[in-house]
Structure formats: C-alpha cells, structure tokens
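Taking it in order: structure first as structure tokens, then the write-up.
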Amino acid sequence: MSEIPKAYEPQSVEDKWYQFWLDRKCFTADPARVSTKRPAYSIVIPPPNVTGVLTMGHVLNNTIQDILARKARMDGREVLWLPGTDHAGIATEGVVARLLSKEEKKSKRDLGREEFIKRVWAWKEKYGGIIISQLKKLGCSCDWTRERFTMDEAYLRCVQRVFVELYKKGLIYRGKRMVNWCPATQTALSDEEVVMKEQKGSLYYFKVEVVDCSGAVSAPSPAVTDRRYNEINTTGVWLTIATTRPETIPGDTAVAVNPKDPRYAKFIGKHVVRPLPAEFPREQKLIPIIGDEHVDFEFGTGVLKVTPAHDKADFEIGQRHNLPQIDIMHPNGHMNELAGGPLNGLDRFKARKVAVELLTEMGALEKEEPYTNNVGFSERADVPIEPRLSEQWFLKYPGVEKARNCVEQADDSEGRVIRGPNPESQGLAELVPPKNGKMHFHPQRWAKVYDHWMGNIQDWCISRQLWWGHRIPVWHAVAKSNELRTFSENYPKASISKAEFWAEYSLSEIKGETSLVSVYQNRDDGETRIEVVTESEVEARKLQSMGFTQDPDVLDTWFSSWLWPFATMGWTGDKSQDSNNPTLQAFYPTNDLVTGPDIIFFWVARMIMAGYEFMEDLPFRNVYFTGIIRDKQGRKMSKSLGNSPDPLDLIGKYGADALRFGTMRSAPLGQDILFDEQNVELGRNFCNKLWNACRFRQMQGGEAQGEIDPKLLTADDKWILLKLDQAIREMDTAFVEYKFSDATATLYRFFWSEYCDWYVEASKAALGSAERGMRSAEQETRHANTVAVIDFILSHTLRLFHPFLPFITEELWHGMGYAEDMPENQGGQTIMSAPWPKPLDDDFKSHYGLTGDGEKQIEARNELVSQGRNLRRNANIAANKKVRFILKPARELAAHDIEVLRLLLNAEAVEVKTDYQPSKNTMTVRAEAGDLFLPLEGLIDVEAEMTRLKKELEKIEAEATKVEQKLANPNFTQKVPANVLEEHKQRLAEWQGKREHVKAALAALES
RNA sequence: GCGCGGUUAGCUCAGUGGUAGAGCACUACAUUGACACUGUAGGGGUCACAGGUUCGAACCCUGUAUCGCGCACCA
C-alpha cells in the first residue's frame, strides 16, 4: 500500500474482493463445521421474483441480511445465507406474454400451453439471473452454491408432497365458491391479493313494481326464464332500490329488506318485477322479496337488490334463502347473453352506462347521486375484482393455533430482549432460546397485526387459472368408458365433500408409487367422476394412459414460497431422509428473517404455519420488518412515478459500501425510509474519510501493530481507547436490538468526531513533524507507541465497520497489513473471519491505566480548545494566523496537554500563568479546566466585545436563575434523589463561576 | 367503524422523568496540512394543541387536531 490514491476508488476494488471471497469459498456453509463452539446461524433470503431487478427495497433488505450474516461469521458462527428466486406466477407469465405479443404478435393461447411454458423457461434462463448478479454487486455474502428456484426439480417435489399431505388430511379441498376473480388476468386470486381502493362513482336509485303472485313453480335450473305463475296481480306499489352496479340487475334473483323494518316487512313474500333485461317478458322477471337481517335499513332506501352470482354478501343471502344464481358475465368481465340484448358483449363498465340509459328510458331511474365507496382491486393487474362463483381449490390452514400463539405479543411484560451479550461467550451477542419457544417480531407492534389476521383467518384459494407455476397434481376422469366404469367400481365411493374418502392405491403396480383415488357422483349432472391425486411421476404417466386429464390449474405462487425455509434445505417430507440431512439438521430453524411488513400475511404467517405443520418447529426465531422506501416527498417508489433510483447507478457513482452505509444510516427500525441520494453521498464521504485516515497512518511508517507500552500512553491515547470501548459496547447493543441506524450513527460519531477530529489531531503532538531518522531516540519511541495505538484503533475499527462496509474494509485490512499477524482462519485470509471486537475488559483497562477520570480531563481540555477557537473567531483572527494564548488552569495540566492545546488552537504558544491579570485588550473565557486569555496586540473593539460579553452574561444569568430557583424550592430539595441534588449544586456553582468571570471581564472593559 | 404508527431545528430523524441532540442545509473563516468527498466556529427549536400526574414532563395519563398505514366494510 505504498502509493495509495488520495481518494478511495470503489470501482477498482469491489469486483476484485468479491471474486476473492468466492474463490476462497468464504460464503459457503458447511454443516460439518457446526458444533457447540461454532454454533450455526442461518437466514433464508426472501426470494426476489425472477422478473425482478434490484430496487432500493432490495438494497435495504439484503444489506441488513448481509450485515447480520457477516457479523455472525465474525462472532465465530457457521453461517448459511441461503439465496434463490421465486417463479412469481402471474408476474412472470405477464412479462413473457407481453413480450410475445410485442415481438411475435401472438397470444399465449396461439402458442399452446406446452410451447408457452417452454418460452417462459427460456426467458428465465436468459434474464432470471439479473437480480442475482445485482445482489453480488451489493456485496451480499450468500452461499451461491445452494441457490434455489421455487420451480426447480427438488422444489417441485416438495410442493407436490405438501399438496398430497394436506389433501390426505382433508385440508385441501375443491369447492364452488365466491372467489376474487381478476378479469384482466382471468384467474382467481386470494383475499390477500385484493387491495381496497376508494372509488368515486354514483349511487343509482331505481324503482321496481311490487306484485302478488300465486302458484309459483320454481325453475329447475338457475336461469329464471322457466318460472311460471298462475296469477300475477299488480299492487300499484313501487319500491326504490339504491345500487352502485345497475349492470348486474339482470343477475338479481331477489330483493331483500330487513324483517324488522316497519316500512317493508309487509312486502316479504310478495314479488317485484326486475326491470332488466328489458326485452324479457314480465313473468320471467318476477323475483321474491325476502327478509334478511343483513339489510341495513339506514343505508340507501333500505331495500337491497340481491345478486348471488356477483357479490359475496349477496351470495350468502342467496345461500340462506336458496336463491338461484344467474351468472351474467364472461370470465373476461364482459356481459353474456343472460344480461340481455343491449348489454350482451359489453364490458362491465360500458354495460353500467348502458344499463342506466335503459333504466332511464323505461322511467325506472329515479335519481343518481355521486357516491364514494371502496372497491376491491386486483393488486397486480390493477383492475376491479369481479366476485365470481367458480370451482377452485382451497386450503384450510394447518397449525393455526400453534402459529398464532408462537409470536410474542407486546403485553408480555417478561423481558423482551431475546438476544443479549453472554458473558460466558467472550462478550459475543448470543441467541438466548426464546421463552416458551416464542418468536419475536421487530418492531414488536407487527405482532398485533399478525395476531389479528391469524384470528380471522379464512380458507386460502390456492388454484390459479394460469400456465406458469406448479400444476395441481390432480387427475380427473368421467366414468364413461367400460374400462373406467370397472375401475371406478373397485374404488371407494365418496360424496362431493370427498376429501376424507380417498383410498391409496398403486395404479402402476410399482412398489412405493401410489395415488389417492376417490370416486363420486357429480351433483350437477349425475355423472360418476374419478379424482386421483398423486405426487408420483410414474403414477401420473399411468393415469395419462388411462385417459385421465390433469387439472389445468396451477398453484398460487405463495403455495411454494411458504415452504421456502425448509424446502431450500433439501426437505423431502420423509422423516428418515430428513433426519439424515445435515443442512436441515444444522440450519433449521433459521435465526432471522428480514422482510417487508407488506408480506406479513402473504408469506410470513404462512411460513410459520408450514414450519409447524411440516417441520414441527417454527421456521425462524426473529422477524425483522423493514420500513418501506419512499422518495424525498414521502411517496412510495414506483416505476410509473419514475422516482425510484437505480441502485446500480448509485453503486457505479458512489460505490456499494456508500450505498449500504447511506441506506442503513437512514433506516431506523420500524420507520419508513425517505430516500435521498444525499445519504449515499454521505456514505461515499465516510468511506473516503476512512480511506484517508488509513493513508495518514501509512505515512507514519513503522511496523504494523507494534506493542503498546502502557508507560508511554498519553492521556489522549487512553481517551481514544475508552471511546473505542464505548463504541464496541454501543455496537453490540445496536445488534441485539436490531437498530442498524444506531450502529451506523455510532460508527460515524466514533470514527469521524472522536477519532479523526480529536484524537488524530491531538496525536500530531506526539507524532511530531520531524522526518524519520531526524528524531531523537525519545521522540522515536513516543512516535512508535502512538502509531501502535493508531493501529490498535484502526484494526478494531475496520472490523466494526466490516459488516456495513465489506469492500473498503477488506481492501484496507490487507493494505494496512493487519491480516498478517492473524491466524489464517481468524482474519489472516480475510477480514470476514476476523473476530468481532470485544469490549475492553477490566484487566485491559487497569493494565493501560484507562480511567473515567482521565477521560473527563481530556474532555475538559478539549472544551478549552473549542472555547479558545471561539475566542479567535470572535476576535476576527484568521484561522491560519498564529497567536499567543495565556492559560490559568483550574488544576495542573501535563506538558503534553499544553502542547496539544497549542497545536489545536494553532497558537504560537500557550503560556501557563496561575496569577495572570488580564489587561484591557484581552479577551477571555472560563471553562471547567481553567480560564483562557487571548491578549490582542492592537486595541480590541471594546463595543463589540462588551456586546458579546453582555449577551453571554444574559445566557449565563438565565441558566443560573433556573437552577437557583429549583434549589430554592424546598419541595425540590427534600424530594429529589441525592445524586440529582448534588448535580444541580455543581451546575449552579459552574454557572456562578462563569457569571463572576464574565462580570469581571466586563468591569475590566468599563474601567 | 376498529386497530397501529407519526407530529422535536429549514429538511430527515435520534432522544424511556433531571442542562433539547445528530446529520444535511445555511452563514463566516481557512487551501504547501491524511482527507475540499476537508477543517474550524456560528446562527437556528413554545418538542402539534389542551388538560392532568409529579419537586420536575419532549418523555407518563386523558382528550383534541392532523398526517400516514392496516383491517373490516352499507348495497
């Protein structure tokens, strides 16, 4: 490191060290190395979407994980940070479909399922690795040899095994239900994929005529067109109904009122004439008036139209009253023929307008009011959800109670700290087994949100009408052919709620290959159906040859993600295999999960349930929820706003370390982050400061890390050693509490303010300016000792910095020669494995004479420096002009301290005069360490100086009075603890001393 | 409607009952200095508001305002 450049150039070192770490397998976890002395530490990455590119959110998230992983390595643990990507069903299918349409003007249906999936894989091979390479640029120390993908071979087997297991237990079932249908992507969605958005729309009031009918014959099928009545009598009464969705009127099969509503109760049992479709004859549009408690008679007119096929609440009313369901829409959100001629084929929003026109034409529309309501939107496609009746696969969540109870809630007053410095383990922060096997959320308030959701959990709709994803391992056949009829007779019969009625068979007759078979009568058409579930490929082939067809749907992406913590570690579901899996045994459960609170339900909660269900243990002990990254104005970062900076640009401009440091510095626990590029600039500046501080050390020459002789230590040396000790302790606390912004604040303060601004400047007094070889023997010894202290500080500092700034610290670790003295596996090869600094213990402190008293004296002396500089400034003395100060010390100061004072005040001399009497042309200040005088050669500006002193006096008076008043209050003096009282007395004495001093100075000027 | 979080310097935020803090920004001064990606000094706050508890409140309690988020929703 002879010719180091003046400024740190990250571009020239980052790639070099990343490759160095990879070449030496520094990130590779080996379960064989795990022991009681070398405990395991593991994190699984929240797998980014294969379609993803690195965002600021990823930077935040992965920097935290990398910090945790690197810190754990330095703590001497065997670390596994397991990386990978998620196949992201809808997102990826969308990306490839758009590309297809743009480049080949084809739809996925034009290609066909098989060909389309081939294209997605090809796309994945080509572009799916982008985010991984970007994470490497950031410095992430993941074990890339274990990189996983949620659709790789082994993972596929995990998903199928889990599906079969849950099916066996009757937790996975198929059912015709109201689901959240996305008309844009044409698939069902889970409740979590729906976001409520406030919409400005209209509330339409229309009237319907009440009629008396008798002899109604209910229709055999959902279509109402066959309904017949013997008599239809007009009553002349009209009811008014308010709705936001007039286009669904053709799907109405009842009108509901609250049975307790005196206005309408009398109509229950009568019918109304549904106004649409207009061209249908009246007798085909008679729908009953029913009484249902659900109806709120405060809202609208108190009369509710009931559309069981297109509204969740209406569906339930329909179930209660056995109402027919009329589906008036195609899956793409366009109206079908049941909606009537003018609406047929129209998009649902266009249809709304037309429906209003039709109602107006027939005179049924009474009024239209502006109205704001909340509408569910498909999170990904950003279009309103259409509640739709459809047959889907559902999961009744397993392990709900266990999962719910394992997360510690805030009201648990038993200590919340779960990791603490363990004195037995050389001061390292250790994992203390959580009480009652509990899991901890950071910040803890998310536990309440989690608990609330777990308490109101609904079955999970897991099937998606997509092509890209894990295909549902279920095969169907209708027993039409003789072969299947014979087959079905050999297998158990089951009802429609058949999940519990399967039987296990080997269709292929190969040992170990099995299928779950159930046979049932379809309720709608009476046909005999056979449903077979298997995870076996052999069985699947057999099924295919027998004429079975596989369920066309795929599973929700999160149905694979929820297995991530153990599926990535090679879990098979086979107990004996898994108990011989060293990775799983060593690294599950993981220690920390770092993720955003936006996926607490999507992912975190589900992983916890899966952990209990399949591993019989929680998947992680701590969950750290990051904030959400916003721009300077507090807006969420998004592509459309264009307010999201490209992290790679920032790395190119400032360096990865700068980006990491800047991000961590502005990311307090539990708060959203307002991102400002200035933070990254600050990180860059900080790296440069570190660089130059090391450069300064290099310029001093001498051997690296020489012995420190306690006898030669200056008060400044002792002071900085104590500050280092404090910084180490603060860092440990910050890690225990997951407060990374506190950690960076500590590093910043310690290194920049305490080390560079004070210690290095003061050390120049001991280092001297003489050339090497021109120094006296005594100077030489003193110089060497100071350099040894500097090396001690720097070698510790670099290690404290390493988790945050991996690249520059590695470069300097080698450049400064600190690697050389260390054992190969403890910092000799790389700073990554250097031991994390321990707080200085009592033996160390007494050996080197480090005392709180000495620390205070240096701080008092430094205050004198600041005050003296202030005097210079007030006297308008140029910063580069050498002047003479006179010091009247409060207690004796060492010659070395006087020399430091002289240096830091840029003084020609600091003369110590215990009986100094200032002349008129002298400015002065009192500090705890003594009185400092600045005699001026010319006449001082008496007016200006008096103004300054008067202002000063005012301030002092105010402070002194405040304390005086407190002390004069007997209530205070009697009730307050002794130490506080003593402190106040001392403070008063201090202010009084200053007051006298300033008064004396004023008097001298006036004379 | 229910729940959660915020409101402290121009900005972004620390601050768990005892002298109101940091970084940035701002002003002034200093370029043969490890570093201008720098140094030194300075100005700047009624801690959202109103009550209460206390010798003492930014901090604890009650209420209000306001911003943000989550959950549940009335068609």
Side-chain angles (χ1 to χ4, degrees), chain A residues 4 6-8 196 203-204 241-245 248 256 294-307 311 313-314 317 371 373-374 376 443 445-446 448-449 452-453 456 597-598 600-601 628 630 632 634 654 658 665-666 668 670-676 678-679 681-700 739 741-742 744-745 748-749 752-753 756-757 760-761 764 769 865-867 869-874 876-881 904-906 959 962-963 966 969-977 979-981 983-984 987 990-991:
Chain A
I4 49 175
K6 246 179 137 168
Y8 172 56
M196 299 308 275
L203 194 58
Y204 303 92
I241 304 172
T243 181
T244 52
R245 300 201 63 188
T248 62
H294 169 78
V295 181
D296 174 3
F297 42 94
E298 302 277 309
F299 188 86
T301 59
V303 186
L304 171 70
K305 72 193 238 348
V306 183
T307 326
D311 183 279
D314 289 5
I317 296 176
Y371 184 68
N373 66 340
N374 287 324
R445 63 190 157 84
W446 291 108
K448 200 167 176 177
V449 177
H452 187 249
W453 187 77
N456 295 283
D598 48 335
I600 185 166
F601 310 136
I628 291 167
R630 299 171 180 282
K632 253 199 275 192
Y654 301 105
R665 200 174 168 282
S666 54
Q671 299 277 357
D672 283 357
I673 295 104
L674 299 196
F675 180 80
D676 187 339
Q678 273 188 344
N679 292 322
E681 202 178 322
L682 180 123
R684 189 260 324 251
N685 295 354
F686 188 71
C687 289
N688 194 54
K689 190 75 179 176
L690 182 59
W691 184 257
N692 275 289
C694 289
R695 206 162 79 99
F696 173 75
R697 156 64 187 95
Q698 286 304 78
M699 292 168 85
Q700 301 306 319
K739 289 188 174 169
S741 60
D742 284 12
T744 49
Y748 194 95
R749 186 209 65 231
W752 203 308
S753 309
C756 290
D757 290 349
V760 172
E761 291 310 314
K764 286 174 183 173
S769 53
V865 172
S866 297
Q867 299 277 22
R869 285 165 170 171
N870 188 342
L871 278 187
R872 290 182 59 119
R873 178 78 209 121
N874 282 316
N876 267 323
I877 294 167
N880 57 351
K881 187 173 156 66
L904 298 188
L905 283 170
N906 194 25
E959 292 296 337
K962 230 160 62 181
V963 187
K966 267 188 161 180
N969 182 355
N971 244 334
F972 176 79
T973 47
Q974 280 160 27
K975 292 187 182 172
V976 87
N979 61 326
V980 176
L981 186 63
E983 197 194 305
H984 276 77
R987 203 191 305 160
E990 219 174 281
W991 286 121

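This is a predicted model, so every value here is computed, not measured. Throughout, a chain's letter reflects where its sequence line sits, starting with A, and its residues are numbered from 1.
- Residues passing the side-chain hydrogen bond (donor to acceptor under 3.5 Å, both in side chains) test with Y654(A) are E677(A), sequence neighbours excluded.
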Show the distances under 3.5 angstrom between N or O atoms of the protein and N or O atoms of nucleotides 6-9 of chain B.
none

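- Contacts of E983(A) classified as side-chain contact (heavy atoms from CB on, under 4.5 Å), with partners at least two apart in sequence or in another chain: R987(A).
- Applying the side-chain hydrogen bond (donor to acceptor under 3.5 Å, both in side chains) rule to N874(A) yields the partners N870(A); only residues at least two apart in sequence or on another chain are considered.
- Partners of E990(A) under the salt bridge (Lys or Arg N to Asp or Glu O under 4.0 Å) rule, at least two apart in sequence or in another chain, do not exist in this structure.
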List every contact pair, protein side and nucleotides 16-19 of chain B side both N or O, where the distance is under 3.5 Å.
from   : atom 1 : to      : atom 2 : distance (Å)
U19(B) : O4'    : R987(A) : NH1    : 3.2

List every contact pair, protein side and nucleotides 1-3 of chain B side both N or O, where the distance is under 3.5 Å.
from  : atom 1 : to      : atom 2 : distance (Å)
G3(B) : O3'    : K448(A) : NZ     : 3.4

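- For K966(A), the side-chain hydrogen bond (donor to acceptor under 3.5 Å, both in side chains) partners are H984(A), not counting sequence neighbours.
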For nucleotides 69-72 of chain B, give me every protein contact, N/O to N/O, under 3.5 Å, one pair per line with atom names.
none

Just the dot-bracket of RNA chain B, please: which string comes out with Watson-Crick or G-U pairs under 3.5 Å, [ ] for crossing, | for another strand? ((((((((.[[[[.)..(..]]]].(((((.......))))).....[[[[[..)....]]]]])))))))....
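- Partners of R749(A) under the salt bridge (Lys or Arg N to Asp or Glu O under 4.0 Å) rule, at least two apart in sequence or in another chain, are E730(A), E754(A).
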Tabulated below should be each protein N or O lying under 3.5 Å from an N or O of nucleotides 23-26 of chain B; please produce it.
from   : atom 1 : to      : atom 2 : distance (Å)
G23(B) : O4'    : R665(A) : NH2    : 3.0
G23(B) : O2'    : R665(A) : NH2    : 3.4
C24(B) : O2'    : Q678(A) : OE1    : 2.8

